[in-house]
Amino acid sequence: MGRPATRPTKLRDGYYIEICNKNQKSGIKIHRATKQQLVHAIKEYEKNKKVIVLGKLKNGKMEKIDLPDYA
């Protein structure tokens, strides 16, 4: 076993959601390349998990996105 990473990981450009179990604060980040894939993943995971839409990452900056189809 090695030491834990000290530098935060670099995320790829695309759309991100966070999936966590109900009644928990932290979860895992899920990356999708297109908005259509993101909406499909949200619909699939929302049956059993708590889904938080993080937004779109572009050039290292997170932007909010509008999802009228999801709501």
Shortest non-hydrogen separation from [X] to [Y] and the atoms involved:
X: Lys43; Y: Glu46; answer: O-CG, 3.6 Å
X: Ala41; Y: Ile17; answer: CB-CD1, 4.2 Å
X: Ser26; Y: Cys20; answer: O-CB, 3.4 Å

Gln37 atom CD: more than 12 heavy-atom contacts under 6.0 Å: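 Yes.
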Do [X] and [Y] make a side-chain contact, defined as non-hydrogen atoms from C-beta onward lying under 4.5 Å apart?
X: Lys58; Y: Glu63; value: yes
X: Ile19; Y: Ile52; value: no
X: Ile30; Y: Arg32; value: yes
X: Asn21; Y: Asn48; value: no

Interatomic spacing from NE2 in His40 to CD in Gln36 - rounded to 0.5 Å: 9.5 Å
Heavy-atom donor-acceptor pair, Lys56 side chain to Lys61 backbone, under 3.5 Å: no
Connected via hydrophobic side-chain network under 4.5 Å: Val51 and Val39: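 Shared cluster, yes.
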Joint hydrophobic cluster, Leu11 plus Ile65, side-chain heavy atoms closer than 4.5 Å: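 Unlinked, Leu11 and Ile65 end up in two clusters.
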Sequence neighbours excluded, every pair satisfying side-chain hydrogen bond (donor to acceptor under 3.5 Å, both in side chains) that has a member inside residues 2-19: Arg12-His31
